[in-house]
Q: 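Once you've had a glance at the structure underneath, I'll fire off some questions.
Chain A is the first sequence line, chain B the second, and so forth, proteins listed ahead of strands; every chain is numbered from 1. The shown structure was predicted, so the numbers you read here are calculated from the model rather than taken from an experiment.
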Number of protein chains: 2
Amino acid sequence: MQNFVELLKAHGLKSTFQRVQILEAISICGHKDIDEIYNDVVKLHPTISLATVYKNLIIMKDNGVLCEVSVSGKKSKYEIKKEDHLHLICTHCGSIEDFTLEASFDKIVNLQDFELQKKEINLYGICTKCHSQKAS
Amino acid sequence: MQNFVELLKAHGLKSTFQRVQILEAISICGHKDIDEIYNDVVKLHPTISLATVYKNLIIMKDNGVLCEVSVSGKKSKYEIKKEDHLHLICTHCGSIEDFTLEASFDKIVNLQDFELQKKEINLYGICTKCHSQKAS
DNA sequence: TTCGTACCAAATAAAAATTATCTAAAGGAA
DNA sequence: TTCCTTTAGATAATTTTTATTTGGTACGAA
């Protein structure tokens, strides 16, 4: 359990009951999509609006508190930002497990007790073309 | 330029004008989202319905003709299925470049003339729990 | 304290995206 | 060609996401 009040302030965001509840909900299992988050928070705070959850997920993502995990064919999951890591995503039950390792990719794949079906590696950044345009 | 008629049949799908046009549109730049595909195809075939594009993307994905590339914060892109590879996604212009390499992850990252911001590695498969349930 | 400002939540409303339904037409095999 | 099955197109319905409006609350300055 982290101190989410401080986490929010450290990123320049006001700490509100709703934001802390959203972060609490995510931290329970590490990854949740918006419906799971809303369903969790609404139990503790029945008047919360789904739009509030949308807005706060976006603002917390933009300010580096959260990361969005794009999952093929499903709604994005959100996780509290931490160092880069792998996601082992089960195509059957949808569970996501984190896996931090600095080994080579082949090593990772062979080590796992996980029936691998698909590897998805996306590197986000600024491409050469955009980089040179920014400089000029 | 591939023979998309044969590709479809090889995956047990009927070859229709619309499906071939969708595949042609994707193959031009390698990755397109649904709006880009629709805008391309509608020029050649003005009566095509957006729902047709949706339906065909899903069916061609389910039958292994296409892959969905989840892009954080944007609509999924679709690509014609091939061997696993990296995606270099520019957060500025949205361009996607394929990068096939069997080197270690660190090597890949350092080699690139690409200002890396975020690594997203998702491995899809069947987790241990689901695997044992299927066996029983 | 009393304003004024800024930010936020909630409640709609609105817009956008996706899926379902139904009928006519096209594809593929005999 | 003929038949059967699948698909496309049109439309409606649903779902998802975003925008707008209103009211509340915290904070600082006067």
Side-chain angles (χ1 to χ4, degrees), chain A residues 4-25 32-66 68-78 94, chain B residues 3-26 32-66 68-78 94:
Chain A
F4 296 126
V5 175
E6 290 306 317
L7 180 66
L8 287 163
K9 286 182 183 169
H11 287 85
L13 291 174
K14 287 196 175 176
S15 166
T16 69
F17 177 81
Q18 291 82 351
R19 286 177 186 169
V20 172
Q21 289 306 311
I22 289 170
L23 292 172
E24 296 274 9
K32 283 209 172 86
D33 68 26
I34 184 155
D35 298 322
E36 294 167 332
I37 293 165
Y38 175 76
N39 288 331
D40 275 14
V41 175
V42 83
K43 288 177 192 161
L44 294 164
H45 188 42
T47 64
I48 196 172
S49 160
L50 183 57
T52 299
V53 181
Y54 270 104
K55 272 187 301 187
N56 281 312
L57 287 178
I58 291 169
I59 201 171
M60 288 195 282
K61 178 190 161 190
D62 289 347
N63 286 71
V65 178
L66 294 179
E68 180 184 354
V69 183
S70 306
V71 181
S72 181
K74 300 207 174 180
K75 283 198 181 184
S76 288
K77 304 269 183 174
Y78 291 86
Chain B
N3 184 340
F4 296 125
V5 174
E6 289 306 317
L7 182 65
L8 286 163
K9 288 183 183 170
H11 288 85
L13 291 174
K14 284 194 177 180
S15 165
T16 69
F17 177 81
Q18 290 83 351
R19 286 177 185 167
V20 172
Q21 290 305 312
I22 289 170
L23 293 172
E24 296 273 9
I26 294 171
K32 282 209 171 87
D33 68 26
I34 183 155
D35 297 323
E36 295 167 331
I37 294 165
Y38 176 75
N39 288 332
D40 275 14
V41 176
V42 84
K43 288 176 191 159
L44 294 164
H45 188 44
T47 64
I48 196 172
S49 162
L50 183 57
T52 297
V53 181
Y54 270 104
K55 274 187 299 188
N56 281 313
L57 288 178
I58 290 169
I59 201 171
M60 287 193 284
K61 179 189 162 193
D62 288 347
N63 286 72
V65 178
L66 295 177
E68 180 185 352
V69 183
S70 305
V71 181
S72 181
K74 300 207 173 181
K75 283 198 182 185
S76 289
K77 304 268 184 177
Y78 290 86

Q: Looking only at side-chain N and O atoms, does B:Gln18 come under 4.0 Å of OP1 or OP2 in C:dA26?
A: no
Q: Roughly how many Å is it from CG in B:Asp62 to P in C:dT19, rounded to a whole number?
A: 11 Å
Q: B:Lys14 or B:Leu50: which one's nearest nucleotide on DNA chain C is closer to the 5' end?
A: B:Leu50
Q: With DNA chain D as reference, determine whether B:Arg19 or B:Thr47 sits nearer its 5' end, using the nearest nucleotide of each.
A: B:Arg19
Q: Rounded to the nearest angstrom, tell me the gap between atom OH in A:Tyr38 and atom C1' in C:dA11.
A: 11 Å
Q: Using atom CG of B:Leu13 as one end and atom P of C:dG28 as the other, report the distance to the nearest whole Å.
A: 11 Å
Q: Is the shortest distance from a Lys or Arg side-chain nitrogen in A:Asp33 or A:Lys74 to a carboxylate oxygen in the other one below 4.0 Å?
A: no
Q: With a 4.5 Å cut-off on side-chain heavy atoms, are B:Ile34 and B:Lys75 touching?
A: yes
Q: Respond yes when some side-chain nitrogen or oxygen of A:Ser49 is under 4.0 Å from OP1 or OP2 of C:dT12, and no when none is.
A: no
Q: Does B:His45 put a side-chain nitrogen or oxygen below 4.0 Å from OP1 or OP2 of D:dA8?
A: no
Q: Taking for each residue the nucleotide of DNA chain C with the nearest heavy atom, is it B:Tyr54 or B:Phe17 whose nucleotide lies nearer the 5' end?
A: B:Tyr54
Q: Just to be sure I understand the rule, does B:Lys55 reach a base, reach only the sugar-phosphate, or reach nothing, if contact means heavy atoms closer than 4.0 Å?
A: base
Q: Could you state the atom-to-atom distance from NZ of A:Lys61 to C1' of D:dT17 in whole Å?
A: 13 Å
Q: Rounding to a whole Å, what distance do you find between A:Glu68:CD and D:dT16:C1'?
A: 14 Å
Q: Between B:Phe4 and B:Glu24, is a side-chain contact (heavy atoms from CB on, under 4.5 Å) present by the stated rule, with each step listed?
A: CA-CA 8 Å; B:Phe4 296 125; B:Glu24 296 273 9; 3.8 Å; yes
Q: Within the pair B:Ser15 and C:dG27, is there a side-chain N or O less than 4.0 Å away from OP1 or OP2?
A: no
Q: Using a cut-off of less than 4.0 Å, is there contact between a side-chain N or O of A:Thr52 and OP1 or OP2 of C:dA10?
A: yes
Q: How close or far is atom P of C:dA10 from atom CD of A:Gln21, stated in whole angstroms?
A: 11 Å
Q: Figure out the CG/C1' separation between A:Asn63 and C:dC7, and round it to whole Å.
A: 13 Å
Q: Report which part of the nucleic acid A:Ile58 touches: base, sugar-phosphate, or nothing (heavy-atom distance under 4.0 Å, all strands).
A: sugar-phosphate
Q: Roughly how far apart are A:Met60 CE and A:Leu8 CG, rounded to 0.5 Å?
A: 6.5 Å
Q: Is A:Asn56 close enough to C:dC8 that one of its side-chain N or O atoms is under 4.0 Å from OP1 or OP2 there?
A: no
Q: So A:Leu23 and A:Val20, side-chain contact (heavy atoms from CB on, under 4.5 Å) or not? Walk me through it.
A: CA-CA 5 Å; A:Leu23 292 172; A:Val20 172; 5.6 Å; no
Q: Is there a side-chain polar atom (N or O) of B:Lys9 under 4.0 Å from OP1 or OP2 of C:dG27?
A: no
Q: Side chain of B:Ile48, heavy atoms from C-beta onward: which of C:dA9, D:dG9, D:dT17 has the nearest atom to it?
A: D:dG9
Q: CD1 of B:Ile34 versus P of C:dA17: gap in Å, rounded?
A: 10 Å
Q: Taking atom types as modelled, is there a side-chain donor on A:Ser76 or A:Glu68 under 3.5 Å from an acceptor on the other?
A: yes
